2 protein chains.
Amino acid sequence: MQSTAEENYIKAIYKLSGGGAAAVSTTALSETLQTKPASVSDMLRKLSAKDLVHYVKYHGVQLTDEGQRVALKIIRKHRLWEVFLVQKLRFSWDEVHEVAEQMEHVKSELLIQRLDEFLGHPRLDPHGDPIPTEAGELREVEQRALASLNIEQEGVVCRVKDSQPAFLQYLNRVGIQIGSQLQVVDKIPYDNSLEISIDKSKSVILSSDVLEKIFVINP
Amino acid sequence: MQSTAEENYIKAIYKLSGGGAAAVSTTALSETLQTKPASVSDMLRKLSAKDLVHYVKYHGVQLTDEGQRVALKIIRKHRLWEVFLVQKLRFSWDEVHEVAEQMEHVKSELLIQRLDEFLGHPRLDPHGDPIPTEAGELREVEQRALASLNIEQEGVVCRVKDSQPAFLQYLNRVGIQIGSQLQVVDKIPYDNSLEISIDKSKSVILSSDVLEKIFVINP
DNA sequence: AAAATAATTTAGACAAACCTAAACTTTTAC
DNA sequence: GTAAAAGTTTAGGTTTGTCTAAATTATTTT
Ligand SMILES: [Mn+2]
Ligand SMILES: [Mn+2]
Ligand SMILES: [Mn+2]
Ligand SMILES: [Mn+2]
């Protein structure tokens, strides 16, 4: 059984490695987890001793198969709780992350099975992220970053890859949500920003930072 | 903000003091919390420094007003989650305690407000224990221990004061639940056990230990 | 291919929450 | 009213997860 701290490290390694493939650096982890690199080194030694990660000093860390299994379980719990908060408790998508960050660590197989059932086995969380199945499978949908669209091209928002309230509140402000129909009106080469029309009405200019975090499918 | 450990101590002090009145001993706490008396002493010094308890060395501990406020908040969360688990996730009353013991420590005012609303502002948890209001008020209902009933007297089960799965499963087994109509058929003076009829049909003999933990109201 | 810079690890500390063993109070028994 | 027993606290450790400062390794520059 893992501690809350260990679980948070495992989840961070999973996310930074892009699903388990690439090796993750100490610094990258220290940034996402808001801890000092020295503390990360300590924890990696510990996770390695528990065979949850492959860790080669000075050369980064990767999840073992077991580590990956654990990561997907925590992500499943996190995303199911997010669905619960939005659909049942009327939270908005920018309010759920911090709470789900705590609830994901509650230990009970029965709880998560029943929660999944109660929610009707949802496939996606409120940010469009897929929910791993009980068996630990993750179905990614074909999708592209808004940044990769050309003039005139269209897409429907299916996912936003940043859970910080400030970012989500910004999207609320400009009127973008999951399901919004976007179209590229103009490209501004100077800074790679795009002018985007939302649901065929008002249009806004989005910075390249923002464009990288919004994902769309073909309409 | 209190840690999970601190919250568990505060809740235990509240319960052992019978709602905040009496002083609680180190040993009593060490038993309910399954820690050594020495560890309890440490924690009491700490809670005292935080003004959550009045602590006089060698003479027991009591909650301050602030400590009492905190205790009621945790108990409110615990009992609301128990209701959620039973009513929404189809847990049985003997499965909820351990999970609620974890969920009660999730920090979010909004969460608990919305949960309360989602559940329809329940007054009682699955064991018949009253749920403190948001303002921290606890309405106790008039009730008596089954042990205090005489021959022929009747009562409706409104509360059971032991959350251990083994005890609740025993009640399931003999067929007693909240709302059961009980009547004393016979008294066995030898060991203060009683023969009790359940819902006017089958009857069982209950030990005095068990009789002290079941509470009834007049039918 | 050094030297400089950046990334990472080790060493040594600390707070929280627990432990055992020893010392100290309070209570109970005589 | 003392002595034994019971209850409680203190002293000194351990583990977990963090930190800062120093040492080490890897990478980049020249
Ligand atoms: Mn978390
Ligand atoms: Mn999410
Ligand atoms: Mn608890
Ligand atoms: Mn209960």
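Chain naming here is simple, since letters A, B, ... match the order of the sequence lines and numbering starts at 1 in each. Note that the structure is predicted; figures quoted are calculated from it, not measured.
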Distance test, side-chain N/O of [X] to OP1/OP2 of [N], below 4.0 Å:
| X | N | value |
| --- | --- | --- |
| B/S39 | C/dC19 | yes |
| B/Y55 | D/dT9 | yes |
| A/S41 | C/dT9 | yes |
| A/S25 | C/dA7 | no |
| B/K57 | C/dT26 | no |
| B/Y9 | C/dA16 | no |

DNA chain D nearest-nucleotide lookup for A/E6 and A/Y58: closer to the 5′ end is A/E6

Which listed nucleotide ([options]) is nearest to the side chain of [X]?
| X | options | result |
| --- | --- | --- |
| A/R45 | C/dT10, D/dT18, C/dT9 | C/dT10 |
| B/D42 | C/dC18, D/dC19, C/dT9 | C/dC18 |
| A/A38 | D/dA21, C/dC24, D/dT24 | D/dA21 |
| A/M43 | C/dT20, C/dC18, D/dT18 | D/dT18 |

Looking at [X] and [Y], would you say the former's side chain and the latter's main chain have a donor-acceptor pair under 3.5 Å?
| X | Y | answer |
| --- | --- | --- |
| A/T64 | A/L52 | yes |
| B/Q102 | A/K107 | yes |
| A/S148 | A/R144 | no |

Whole-Å distance separating the CD atom of B/Q34 from the P atom of C/dC19: 10 Å

Between C/dC18 (P) and B/L29 (CG): distance, integer Å: 12 Å

